[in-house]
There are 2 protein chains.
Amino acid sequence: MTTPSAHAGYPAFHRQVCSRRDDYIREVFARHQEAIRVKKESVVVRKLAAIFDKTLEISNRHGFQAMSVRDLSEATGISMGSLYSYIESKERLLGMILTYGHVVVDHTLRIPEALTGPRERLHHVLRTHVYITEVMQPWFYFSYMESRHFDRDTREQTIAGELRTERLIADLLDEGVAQAVFPVRDTGLTAALIKPLLQEWYLKRWKYRRRGIGVDDYADRMIAFVDAALNGAAET
Amino acid sequence: MTTPSAHAGYPAFHRQVCSRRDDYIREVFARHQEAIRVKKESVVVRKLAAIFDKTLEISNRHGFQAMSVRDLSEATGISMGSLYSYIESKERLLGMILTYGHVVVDHTLRIPEALTGPRERLHHVLRTHVYITEVMQPWFYFSYMESRHFDRDTREQTIAGELRTERLIADLLDEGVAQAVFPVRDTGLTAALIKPLLQEWYLKRWKYRRRGIGVDDYADRMIAFVDAALNGAAET
DNA sequence: AAAAATAGAGCGAGCGCTCGCTCGATAAGC
DNA sequence: GCTTATCGAGCGAGCGCTCGCTCTATTTTT
């Protein structure tokens, strides 16, 4: 279990995450077992995969609340009754989908210890973030767009996750400042300004697709932009 | 750094936009008159203001589709029947609200001709954008979050507006490149990376409020960040 | 008293979810 | 080895409820 050391480019990353997909869904099954009436794991994994995919697809077009369970039933080809032996309730389905994303992200976003320089570590985090949001674009888009409708606890959990990423970037900037690599003054605010550049990739991907800009292109350019901003920060 | 016509700070800007509010709503009334059964302009303007405010308030918490017209009736204190003599349909209400925002933005986002230097012109656009999204935060948030649920035409109109802002920034960057002010290579992509920094202000304002960062603070820091990125672009 | 504005009960459609049932695969009995 | 009993997965009409919207009676304004 390792993240590809530094980065072998997006395709390798994509393949690795996809190959583990069933494991991730099995983990979701384990965490929500009391809500699922169907027993056989292989059946559950196959169906959940379809249910998650179609839910994200429909929700990201019309909103989760606007998606009726009948819509989902029709899209997956699973009857109403059958569907409800996998999801317990529409709300629980939401919880499962969020769990799914968290499981994937937790297994993916780690900084290899081999990387020691603050700039290299920052670059790695930025690139990995772009990569994982590319693989899981529907999930990140969903999580971003729907979070304001979540119940209090779930919403605060999502916000906490968001702030954790920002904190991670701020800490890396602090490291860089301590080692005199970045001439940044307010690392907290700078991290806050870098964050939307990461989110841009999964929120407005269609714009870049239209222009023929791929994942690695975006990561390169965005990292260059950030580097320039960090370097130029001394001047003003 | 500020030219007289350019910016006297946020408070003055805020006062000016607010004082024109009734005029903007009158314009909305004019454009949607066939959908409104109530005749007297003064009554319509007063009620529409309340309807728009509450719609944005409720929708931004739970989503426009999740807001029932009964909720809106209760929040505004206007009965169901009365409400429907102002809005014709929930969909038309959406159209009116979008019109409202467009009217305000069209009257506000203009570059004073007195500004000639590309950097000053860019700064003006960035700052004005932050200012207007501060005054109209609920509207911008609404428009951003709900646009994916709009019907085809309305959605494309919203996207076109988004791309127009990006184009404006890209053109200013091109000007700067032509006059050797900015050493930027891909102005289109750079503009695309600046855009989310503008949107950040109305999408995540709570984060900055929590930290005690005000409008002018954000505008200053964000513009400094962009300047740094534009200056540093030559190095890599 | 005429016109304009407001009120709120009521309508059909569509929502999330349930429940009595069918069906095919596997296990148990002989 | 054939029959029978058991089980889990799948099905979809139907329930109680809320939705967007309407319509007529009533109040307010002029």
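Just so it is clear: chains get the letters A, B, ... in the order the sequence lines come, proteins before strands, and each one is counted from 1. It should be emphasised that the depicted structure is a prediction, and the values quoted were computed from it without experimental measurement.
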*Asks:* Check each of L193(B), L197(B), I169(B), T190(B) against V226(B) using the side chain to side chain contact (heavy atoms under 4.5 Å, CB included) test, and report the only one that passes.
*Replies:* L197(B)

*Asks:* Please tell me if Y86(A) has a side-chain N or O lying less than 4.0 Å from either OP1 or OP2 of dA9(D).
*Replies:* no

*Asks:* Just wondering, more than 12 heavy atoms not from E74(B) lying within 6.0 Å of its CD?
*Replies:* no

*Asks:* What is the first contacted nucleotide of DNA chain C and what is the last, in 5' to 3' order, if contact means an atom lying under 4.0 angstrom from a heavy atom of chain A?
*Replies:* dC15(C) to dC19(C)

*Asks:* Return no unless some side-chain N or O of K47(A) is found under 4.0 Å from OP1 or OP2 of dG10(D).
*Replies:* yes

*Asks:* List in chain and number order the residues that pass salt bridge (Lys or Arg N to Asp or Glu O under 4.0 Å) with D171(A), two or more places apart in sequence or in another chain; answer none if no residue qualifies.
*Replies:* R167(A)

*Asks:* Toward the 5' end of DNA chain D, which comes first, S85(A) or A66(B), by nearest nucleotide?
*Replies:* S85(A)

*Asks:* Run the side-chain hydrogen bond (donor to acceptor under 3.5 Å, both in side chains) check on R221(B) and Y208(B) step by step: do they pass?
*Replies:* CA-CA 12 Å; R221(B) 307 298 199 110; Y208(B) 299 95; over 6 Å; no

*Asks:* Classify R37(A) by what it touches in the nucleic acid, base, sugar-phosphate, or nothing, heavy-atom distance under 4.0 Å.
*Replies:* sugar-phosphate

*Asks:* Check for me whether the distance between the ring centres of F64(B) and H149(B) falls short of 6.0 Å.
*Replies:* no

*Asks:* Fit a plane to each ring of F142(A) and F150(A), take the angle between them on a 0 to 90° scale, and name the class: parallel (under 30°), tilted (30 to 60°) or perpendicular (over 60°).
*Replies:* tilted

*Asks:* Under 4.0 Å between any heavy atoms, over every strand shown, what does S73(A) touch: base, sugar-phosphate, or nothing? Just pick one.
*Replies:* nothing

